[in-house]
Amino acid sequence: MARKASLSGYLELLPAERFAELHVLDTLREVFEAHGFSPLETRAVETVETLLQKGEIDQEIYAISRLQEEERSGREAKLALRFDNTVPFARYVTENAGHLAFPFRRYQIQKVWRGERPQAGRFREFSQADIDIVGDGALPFRCDVEIVVVMARALEALRIGDFTLRVNNRKLSEGFYRTIGLTNTPAALRVVDKLEKIGPLRVAEELRETAGASAEQAELALQLAQIRTSDCTFADKVRQLAGDRPADLLQQGLDELTELMSELNARVPGRAVADLSIARGLDYYTGTVVETVLHGHEDLGSICSGGRYESLASAGKRVFPGVGLSIGVTRLLSALISSGELASSRSVPTVVYVTLRSDDDWGPAQDVADQLRRRGISAEVALSAEKFGKQIKYADRRGIPYVWFTDELGRHEVKDIRSGSQESVDPSSWAPPTEDLTPQIIRKTEGL
RNA sequence: GUGGGUGUAGCUCAGCUGGUAGAGCAUCGCGUUGUGGUCGCGAGGGUCGCGGGUUCAAGCCCCGUCACUCACCCCA
């Protein structure tokens, strides 16, 4: 958690921190739009029915109610706060299918709410930045590739340090389990997903106990989960394990993950590994699955994850398969801010603080400020003619880089508060170096 | 939801076997009377989370409650 909070799980930032967050959001928007994703926002509230649609009874959903509950309220649809961007988006797509052109690609950066117990990096209210591509009836696998590439580039653009996208394909895992006769694939995926946390011995144990695997099946499933390659050689290892008669599904999964890895290595080299232990808890994923570790912040868990879902949205006979990834903006931001890796140079947008020689000078001082503002230079005028020392201190405490003085003859001087140097200037032409125009983002990250 | 830990000044914390609250930093003022940052001196600031109990006396002990925090579960 970045700072103490009067309510746990609800992060509130100081202005300087908010500048850092805005920079993150601006960067994401830039990268998403560069790749042709349209902006989209959906309402905060969904019907409980919509949210519970795909199983997931236990999502710690916040229900909405009015304090003055009326007797007839039983007839109204029960409403709840969104807990992710994907489910509301799926609802939106089916409702607006007639107005959208498919495949439809959008980005969506919004708050979501989950009632889980807060912890470091886990919030009850947090922002997710999603990109998805949704097709009408069918969606080329290339979209999986594109989604992962765009997110890798977005994370690169944030320049927050080194990260690794861990990718897998559920068809591969499930196909493998079928090939070796392990039938309870959902349970097996769930167990295997915990490999990193509980270790190979306990994974094997739980595979036998909860997924009904034989000792031999458990061993094979464990070996599969331990495959991790930065290139396409994982496929050979899988084939060795799978033996002579691989299930069709396994072959499909191998083909898809091979295509994905080979494209990723070409377009965002060094950013992805094929990690066959990745499964994801959400049961609507059907193919590609992705998690992301930020190096140096492994304990945070995944900062960006998602995958392919074949039928999250449907309207009558129409099915809308999709693929999407989501960045945990709040989680990422709170970690970087509290570690001091990300900060902003000042807490105000102000570039110039215009001082007052006397209280009567307020009007002319605003005129000076307006001349600067018209040229895109943020300016603030002192409220009263305190001693110059105090006026300078006012600016200094807020990180305002320049203080403006006008003498009794109307001559102007601007002082760079950091260096202390002061020079005669003209309000109609003076401008600061471009880096001073907005608060600077300060990074203390190594690498990139 | 389950189990631990912690609540004292704006922040970080001290406060002995119960005796009526302290430090550093920050803030404000003065030195320096209209050009800040350093330094010196001084000042303000606390229902000790809240409620109850034990006691002559509770920040300290007991009970309850709320909040924060960590782990599990789950996830961004």
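A, B, ... follow the sequence lines: proteins, then strands. Residue 1 opens every chain.
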Colleague: Among B:C30, B:C73, B:U35, find the nucleotide with the atom closest to the side chain of A:Lys415.
Modeller: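 So the nucleotide nearest the side chain must be B:U35.
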Colleague: Please measure how far the C1' atom in B:U8 lies from the corresponding atom in B:A67, and state the result in whole Å.
Modeller: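 One C1' to the other, the span is 15 Å.
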Colleague: Could you tell me the Watson-Crick or G-U partner of B:A14, where both distances fall under 3.5 Å? Say none if there is no partner.
Modeller: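 Looking at the geometry, B:A14 pairs with no nucleotide.
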Colleague: Over how many whole Å does the gap from A:Ile417 atom CD1 to B:G36 atom C1' extend?
Modeller: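 That distance rounds to 7 Å.
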Colleague: Across all strands, who's sitting opposite B:C50 as a Watson-Crick or G-U wobble pair, both distances under 3.5 Å?
Modeller: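 WC or wobble partner is B:G64.
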Colleague: Is the A:Phe32 to A:Tyr107 ring centre distance short of 6.0 Å?
Modeller: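 Here the rings of A:Tyr107 and A:Phe32 have centres that are less than 6.0 Å from each other.
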Colleague: Without decimals, in angstroms, what is the distance between A:Arg114 CZ and B:G1 C1'?
Modeller: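 After rounding, the gap between these two atoms is 17 Å.
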Colleague: Is the closest basic N to carboxylate O distance between A:Arg153 and A:Glu156 below 4.0 Å?
Modeller: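 Judged by the 4.0 Å cut-off on N to carboxylate O distance, A:Arg153 and A:Glu156 do not form a salt bridge.
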Colleague: Is it the case that B:A76 (base atoms only) and A:Arg122 (side chain only) share a donor and an acceptor within less than 3.5 Å, ignoring hydrogens and angles?
Modeller: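 No, no donor-acceptor pair under 3.5 Å.
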Colleague: What contact category does A:Gly301 fall into here, base, sugar-phosphate, or nothing, at under 4.0 angstrom with non-hydrogen atoms?
Modeller: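 Contact class for A:Gly301: none.
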Colleague: In the structure shown, which nucleotide is the Watson-Crick or G-U wobble counterpart of B:G1, with both distances under 3.5 Å?
Modeller: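 Across any shown strand, B:G1 pairs with B:C72.
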Colleague: What is the distance from CD of A:Glu386 to P of B:G29, rounded to the nearest Å?
Modeller: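 For the pair A:Glu386 CD and B:G29 P, the rounded distance is 8 Å.
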Colleague: Which nucleotide, in any strand shown, forms a Watson-Crick or G-U wobble pair with B:G42, with both distances under 3.5 Å?
Modeller: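 By the stated definition (distances under 3.5 Å), B:C28 pairs with B:G42.
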Colleague: Could you measure between the two C1' atoms, the one in B:U12 and the one in B:A26, and give it in whole Å?
Modeller: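 B:U12 and B:A26 have their C1' atoms separated by 11 Å.
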Colleague: Considering every strand and a 4.0 Å limit on heavy-atom distances, what is the contact class for A:Lys390: base, sugar-phosphate, or nothing?
Modeller: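 Here A:Lys390 touches the backbone only, sparing every base.
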Colleague: With a 4.0 Å cut-off on N to O distance, would you call A:Glu205 and A:Arg208 a salt bridge?
Modeller: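 Salt bridge flag = no for A:Arg208 with A:Glu205.
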Colleague: Which nucleotide, in any strand shown, forms a Watson-Crick or G-U wobble pair with B:U33, with both distances under 3.5 Å?
Modeller: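 Paired with B:U33, as far as the under-3.5 Å criterion goes, is no nucleotide at all.
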Colleague: Select base, sugar-phosphate, or nothing to describe what A:Phe405 touches, counting heavy atoms under 4.0 Å on all strands.
Modeller: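 If one applies the 4.0 Å heavy-atom cut-off, A:Phe405 turns out to touch a base.
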Colleague: Tell me whether A:Arg443 contacts the main-chain N or O of A:Arg159 through its side chain, where contact means a donor paired with an acceptor under 3.5 Å.
Modeller: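 Looks like yes, one N/O pair under 3.5 Å.
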Colleague: Would you mind classifying the nucleic acid contact of A:Lys197 as base, sugar-phosphate or nothing, using non-hydrogen atoms under 4.0 angstrom?
Modeller: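 If one applies the 4.0 Å heavy-atom cut-off, A:Lys197 turns out to touch a base.
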Colleague: Quick one: do A:Arg411 and A:Asp407 make a salt bridge, cutoff under 4.0 Å?
Modeller: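 Looking at A:Arg411 and A:Asp407, the cut-off is met.
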Colleague: Categorize A:Arg124 for me: base, sugar-phosphate, or nothing, with a 4.0 angstrom heavy-atom threshold over every strand shown.
Modeller: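 No contact at all - A:Arg124 keeps every heavy atom at 4.0 Å or more from the nucleic acid.
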Colleague: What is the distance, to the nearest angstrom, from the CG atom on A:Asp193 to the P atom on B:C73?
Modeller: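 Atom-to-atom, A:Asp193 to B:C73, this comes out as 12 Å.
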Colleague: Nearest to the side chain of A:Glu116, which nucleotide is it out of B:A76, B:C28, B:U35?
Modeller: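 Looking only at heavy atoms from C-beta outward on A:Glu116, the closest nucleotide is B:A76.
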Colleague: Under the side chain to side chain donor-acceptor pair (under 3.5 Å) criterion, do A:Asp193 and A:Ser277 qualify, and how do the steps go?
Modeller: CA-CA 6 Å; A:Asp193 198 42; A:Ser277 72; over 6 Å; no
Colleague: Mapping A:Arg397 and A:Asp416 to their closest nucleotides on RNA chain B, which lands nearer the 5' end?
Modeller: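 The residue closer to the strand's 5' end, by nearest nucleotide, is A:Arg397.
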Colleague: Nearest whole angstrom, please: distance from the P of B:C74 to the CZ of A:Phe83.
Modeller: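 Result: 16 Å.
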Colleague: Ring centres of A:Tyr62 and A:Phe83 under 6.0 Å apart?
Modeller: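 No, the ring of A:Tyr62 stays outside the 6.0 Å limit from the ring of A:Phe83, centre to centre.
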Colleague: Using a heavy-atom cut-off of under 4.0 Å over every strand shown, decide if A:Leu356 touches base, sugar-phosphate, or nothing.
Modeller: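 Base contact.
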Colleague: Between A:Gln119 (CD) and B:G4 (C1'), how many Å, whole number?
Modeller: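 Value for this atom pair: 13 Å.
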Colleague: Taking atom C1' in both B:G22 and B:C63, compute the distance separating them and give it to the nearest angstrom.
Modeller: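 About 30 Å, rounded to a whole number of Å.
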Colleague: Give a yes/no verdict on base stacking between B:A76 and A:Phe126: centres under 5.5 Å, planes within less than 30° of parallel.
Modeller: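 A stacking contact exists, since A:Phe126 sits close and nearly parallel to the base ring of B:A76.
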Colleague: Starting from C1' on B:C75, measure out to CD1 on A:Ile327 and report it in whole angstrom.
Modeller: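 Rounding to the nearest Å, CD1 of A:Ile327 and C1' of B:C75 are 16 Å apart.
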Colleague: Say we look at B:A43 and B:G4: how far apart would their C1' atoms be, to the nearest angstrom?
Modeller: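 Comparing C1' positions in B:A43 and B:G4 gives a spacing of 43 Å.
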Colleague: Pick the P atom in B:U69 and in B:C13, then give their distance to the nearest Å.
Modeller: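 Pairwise P distance, B:U69 against B:C13, rounds to 14 Å.
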Colleague: On a whole-Å scale, what distance lies between the C1' atoms belonging to B:C72 and B:C16?
Modeller: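 Pairwise C1' distance, B:C72 against B:C16, rounds to 38 Å.
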Colleague: Distance between the P atoms of B:G40 and B:G45, in whole angstroms?
Modeller: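 Result for the P pair: 24 Å, nearest Å.
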Colleague: How many Å lie between CZ on A:Arg331 and C1' on B:C75, as a whole number?
Modeller: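 Nearest whole value for this atom pair: 6 Å.
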Colleague: Is the phosphate of B:A76 approached by A:Ser302 (side-chain N or O, under 4.0 Å from OP1 or OP2)?
Modeller: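 So the side chain of A:Ser302 is outside the cut-off, no N or O lying under 4.0 Å from OP1 or OP2 of B:A76.
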Colleague: Does A:Gln422 make a side-chain donor-acceptor contact with the base of B:U35, cut-off 3.5 Å?
Modeller: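 Yes, a donor-acceptor pair under 3.5 Å.
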Colleague: Between B:G18 and B:C56, how far apart are the C1' atoms? Round to whole Å, please.
Modeller: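 Result for the C1' pair: 12 Å, nearest Å.
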Colleague: Mind telling me whether A:Tyr309 and A:Tyr285 have parallel, tilted or perpendicular rings, with 30° and 60° as the class edges?
Modeller: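 Taking A:Tyr309 first and then A:Tyr285, their aromatic rings sit tilted (interplane angle of 30° to 60°).
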Colleague: Kindly say whether, by distance alone, the side chain of A:Arg117 makes a donor-acceptor pair under 3.5 Å with the base of B:C72?
Modeller: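 Answer is no: no donor-acceptor pair is held.
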